[in-house]
Q: 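One structure coming up, written as structure tokens, with questions to follow.
Every chain is numbered from 1 and lettered A, B, ... according to where its sequence line falls, protein lines coming before strand lines. This is a predicted model, so every value here is computed, not measured.
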2 protein chains.
Amino acid sequence: MLLLHRAVVPGLQHVSRLRLTSRHCIRACSTDNTFQSQHSSLAFSGDNSGSRGWRVIGTLLGLGAVLAYHERRCGATQESPPIYTREEVSSHCSPKTGIWVTFGHEVFDVTEFVDLHPGGPSKLMLAAGGPLEPFWALYAVHNQPHVREVLAQYKIGELDPKDTAPPTLETSDPYAGDPPRHPALKVNSQRPFNAEPPPELLTESYITPNPLFFTRNHLPVPNLDPDTYRLHIKGPSGGQSLSLSLDDLCQFPKHEVTVTLQCAGNRRSEMTRVKEVKGLEWRTGAISTARWAGARLCDVLTQAGHHLSETEAHVCFEGLDSDPTGTAYGASIPLARALDPEADVLLAYEMNGQPLPRDHGFPVRVVVPGVVGARHVKWLGKVSVESEESYSHWQRRDYKGFSPSVDWDTVDFDSAPSIQELPIQSAITEPQDGETIASGEVTVKGYAWSGGGRAVVRVDVSLDGGLTWQVAELNGEDQHPRKAWAWRLWQLQALVPAGQKELNIVCKAVDDSYNVQPDTVAPIWNLRGVLSNAWHRVHVHVTP
Amino acid sequence: MLLLHRAVVPGLQHVSRLRLTSRHCIRACSTDNTFQSQHSSLAFSGDNSGSRGWRVIGTLLGLGAVLAYHERRCGATQESPPIYTREEVSSHCSPKTGIWVTFGHEVFDVTEFVDLHPGGPSKLMLAAGGPLEPFWALYAVHNQPHVREVLAQYKIGELDPKDTAPPTLETSDPYAGDPPRHPALKVNSQRPFNAEPPPELLTESYITPNPLFFTRNHLPVPNLDPDTYRLHIKGPSGGQSLSLSLDDLCQFPKHEVTVTLQCAGNRRSEMTRVKEVKGLEWRTGAISTARWAGARLCDVLTQAGHHLSETEAHVCFEGLDSDPTGTAYGASIPLARALDPEADVLLAYEMNGQPLPRDHGFPVRVVVPGVVGARHVKWLGKVSVESEESYSHWQRRDYKGFSPSVDWDTVDFDSAPSIQELPIQSAITEPQDGETIASGEVTVKGYAWSGGGRAVVRVDVSLDGGLTWQVAELNGEDQHPRKAWAWRLWQLQALVPAGQKELNIVCKAVDDSYNVQPDTVAPIWNLRGVLSNAWHRVHVHVTP
């Protein structure tokens, strides 16, 4: 897993001579809220803005100079260093046990540095007990010599050389061929793999880094050879079918679009608190945003001879992932959407400028902007135009909404439409439920998104459970009307009312059709726990 | 006003020899719930179903025969009848004063018949103190000889002949030229005229009869001559403008579509109960449905040389209604919607098979399916394509949604988008708030609609304030996906839990993007009282 990420951190080879941060001095600085909040957004920023990047470097270099007298806690040792196994390291992941991390073959005890971490303690804690590389690979600000210098002060030993070999594959396990994943992901299920980024990383950048993008697999990840890969496009009745190689697909005009994907089960865990449901316990992270590129589905369908017919029709997708009986994942979308050039439906082969990662459909997946994740079929094998929706289980017997009164004895899946466009959604990512915040001012952050290309026009935030509201500032791309395919990140700086011991923070968003989120979860509860979009609520304690 | 309607009830000239209903016998029949509910939906049905119509006639004829021995209460008097003024009649409009109505020049005291009315007492009460003709004109079931025979039994006198002349016009009043209106309309403002149908009539028929269609005027109704009427279509820069007569417009292909219009202020009265707002006190009736016909706006714009440009553009509409300074009503919609043939935007000249009534824009209005009523500009004078939205007050300084925290001191109208598509909406029309219902079974009726062509897929009804829910039956047209421009009527037959003394009935709808209504009003309260779409709640008493 480490090897995967080490390659992308070449800057770390060059260690500078700069000296490091003093805990006491940073503590002093940190009483200045402006300074601290600048850091917390910059240190992990995925924003490519050059000026912002330079500000970070300047600030950090300044810090390096000011704090040059910090006493070394460890330094380069003269004797042969202590040797630790990965298992030993991983057991040091809390303030109680001490907080250890690895970088390359070295082991560091960063317990005392956690509170000094410019990006905030919670972000460093994501790496507790494991390697730093996967995180540093995502946040380029760490690729600075003085950052490596800071780290060196906390070295306590080295990794057991026997412990660096990759784990052997268990070939009897159908999931044995699944790719390695980023350790920051919160895993809801290993087999099939389902995981979400932690809230504090989710809204650090408008574009979700590929390794952190939420992963929703229904089956083992197929291992496909891009050279022999073929996409089968069934022709119209009496016409010819197409068999497209990856190169063939790249011959179509390349179309790029920024799209947020959300699983129908995002925030299901809040429904479970009302009453048990069937499904994975997604928290707020089954949603992510990427810049996708590929051929437009309408161009490919047109080339295959399809056109909008009078009869209702559907475009069915079949994945190359399949269960032991050979049943593949499948789904469909209405033909009208597939053929509408303004709907931007893609056969995508790039995600944020890279070939699709294996977990996200390598080499080709469908991207259907504004539509539930379940229709964005990965590892795409076959496309056909049919008079009816896909007969796939996931189209007809799952991913549908029902009244709270419907249970597994009374459910009639044919009575509800398959989910396509999703409703307005928003959630708070900072602070987190149960957290303790300082009095004075609080920064509330989160995301908001709506399906069908409807733009988010406002996010209201309440600190008192919904009695009074303040309007949050929206960030991120302001997209075209009717084509707002991506989320808006938002934040609100608000005064914590004096003497308040706790806050009930709530957010709710409004889209440009003025759809709003429902107040509470129980009335939208449904047996599959989908479409959980009630106001998001977090309860925090305030230090006096 | 009477003259307007008398012409359409020719059947009533032929009075049959059949005798009439006995109060006691109908009372006996009415203990049969099935019979009663059949009647209540049939007597005022706007459904054109032949078989249903015949059932009504059969039932009524049967009644007529069975009840032929009813003693005459009044009958044709030998002496000259008492003479009453309209004012005297209008003062008899409640059980306390007695309930009088007129038909032609005759006056009837129907106090004792009200409870026997097959369509239900509340519907007959709509005519209390005034003429029956406007109601009978709408509900053809009254055009039966035996119905007139029933009425004759209640005659008490005749109208003062001096009282049948139309009121003289006050020419200094800019509203003096407004057309006559249906007396069933609940008037929220006389000048300009704003009125809604009463709930019990609103959902009697899927298509709202023209005289009952809610009326939202901002200015006096212009009196336009269809022969000299011209519609000005501004050409593109450097191109030619069009000046179209009504005949010219009829040369374009005629396009028909069933569309529900809703005022942004529908259900504002519920917001007022939370906190004062600026606006008319609409209850649940600022919504109606008609079959519209006209030229497609895209065809007319294309003929004028307009096409979809890369730049964001808007189609601006100007009405021929204007205030004393000459400022006309105006609004705009995005060019993309105007030019999309699938969006069905019309320059309509027919409403339910008739020329547009004056209150609804004669001779030509815009119909923008799925979009707030305010953009359906009436008495259309001018259409132009502009780089910016209409500068009209009603586009830029009204019909926008804000956070509940925004008041008239802090409002920034530029910060919110003008309302175009409306959110999911539903309301209960029967029973009504405060009503007393019988124990046993209750029939709950209402409407549900969503903007943007999103179909209503489910309506949940609760009898216990939202703790438990039942799914209502949807009626009305099942429209094309993405083009569900019209409402669904719905109803639920439910058992009243034994021993229950009151019910808190609630409804909430879901559209095909799975948008839902918010639970409560306060969090969506806004200073203009628009977009009031929280769960609709009625409280009823149950007779033991």
Side-chain angles (χ1 to χ4, degrees), chain A residues 264 308 312 334 336-337 340 342 370-372 400-406 415-424 450-452 454-455 457-462 466-471 480-483 506 508 510-520 522-524 530-531 533-535, chain B residues 264 308 312 334 336-337 340 342 370-372 400-406 415-424 450-452 454-455 457-462 466-471 480-483 506 508 510-520 522-524 530-531 533-535:
Chain A
L308 200 54
E312 289 315 316
R337 182 180 295 275
D340 180 359
E342 295 298 314
V371 161
V372 63
K400 295 185 169 194
F402 294 95
S403 170
S405 59
V406 171
S415 70
S418 62
I419 302 172
Q420 295 280 345
E421 293 183 1
L422 283 170
I424 178 76
S450 190
R454 291 180 285 280
V457 299
R458 200 180 76 235
V459 174
D460 295 330
V461 177
S462 173
L467 294 175
T468 62
W469 300 90
Q470 300 177 61
V471 178
H480 280 256
R482 301 172 95 185
K483 296 177 70 165
V506 185
K508 64 181 174 83
V510 184
D511 72 21
D512 62 5
S513 295
Y514 282 101
N515 281 300
V516 298
Q517 298 177 243
D519 311 19
T520 59
I524 58 165
V530 291
L531 303 157
N533 74 329
W535 298 354
Chain B
L308 201 53
E312 290 313 318
R337 183 182 293 276
D340 180 0
E342 294 299 314
V371 161
V372 64
K400 294 185 170 193
F402 295 95
S403 169
S405 59
V406 172
S415 70
S418 61
I419 301 172
Q420 295 279 345
E421 293 183 0
L422 284 170
I424 178 75
S450 190
R454 291 180 285 281
V457 299
R458 200 181 76 236
V459 174
D460 294 331
V461 177
S462 173
L467 294 176
T468 62
W469 300 90
Q470 300 178 61
V471 178
H480 281 258
R482 301 172 95 185
K483 296 178 68 165
V506 185
K508 64 181 174 81
V510 184
D511 72 21
D512 61 7
S513 295
Y514 282 100
N515 281 300
V516 298
Q517 297 177 242
D519 310 21
T520 58
I524 57 165
V530 290
L531 303 157
N533 75 329
W535 298 354

Q: Please look at B/Thr520 and chain A and tell me whether the side chain, the backbone, both or neither of the residue comes under 4.5 angstrom of a heavy atom of that chain.
A: both
Q: Closest heavy-atom contact between B/Ser405 and A/Trp469?
A: CB-O, 3.1 Å
Q: Examine whether an atom of A/Ala416 lies under 4.5 Å from a heavy atom of chain B, and if so say whether it belongs to the side chain, the backbone or both; otherwise answer neither.
A: both
Q: Taking B/Tyr514 for the side chain and A/Gly401 for the main chain, is one N or O donor matched with an acceptor at less than 3.5 Å?
A: yes
Q: For the CD1 atom of B/Ile524 and the NZ atom of A/Lys508, what is their distance to the nearest 0.5 Å?
A: 8.0 Å
Q: Using side-chain hydrogen bond (donor to acceptor under 3.5 Å, both in side chains) as the criterion, list what pairs up with A/Ser415, not counting sequence neighbours.
A: none
Q: Which bit of B/Pro417 comes within less than 4.5 Å of chain A, counting heavy atoms only: side chain, backbone, both or neither?
A: both
Q: Does some side-chain heavy atom of A/Pro523 sit less than 4.5 Å from a side-chain heavy atom of B/Trp535?
A: yes
Q: Please name the residue in the list B/Asn515, B/Leu422, B/Val516, B/Leu531 that meets the side-chain contact (heavy atoms from CB on, under 4.5 Å) test with A/Asn515.
A: B/Asn515
Q: Which atoms of B/Arg337 are under 4.5 Å from chain A, going by heavy atoms: the side chain, the backbone, both sets, or neither?
A: both
Q: Search all heavy atoms of A/Arg458 against all heavy atoms of B/Pro404 and return the closest pair with its distance.
A: NH2-CD, 4.4 Å
Q: Roughly how far, to the nearest 0.5 Å, is the CD atom of A/Glu421 from the CG atom of B/Asp511?
A: 8.5 Å
Q: Among A/Val372, A/Val371, A/Asp519, A/Ile424, which residue has the highest count of heavy-atom pairs closer than 4.5 Å to chain B?
A: A/Asp519
Q: Do B/Asp460 side-chain atoms and A/Ser403 backbone N/O form a donor-acceptor pair below 3.5 Å?
A: no
Q: Determine whether B/Gln420 and A/Pro481 make a side-chain contact, defined as any pair of heavy atoms from C-beta on separated by less than 4.5 Å.
A: no
Q: Counting only heavy atoms closer than 4.5 Å, note whether B/Ala336 contacts chain A via side chain, backbone, both or neither.
A: both
Q: With a 4.5 angstrom heavy-atom cut-off, which part of A/Pro334 approaches chain B: side chain, backbone, both or neither?
A: neither
Q: Which residues satisfy the salt bridge (charged side-chain N to carboxylate O under 4.0 Å, His left out) test with B/Lys400, sequence neighbours excluded?
A: none
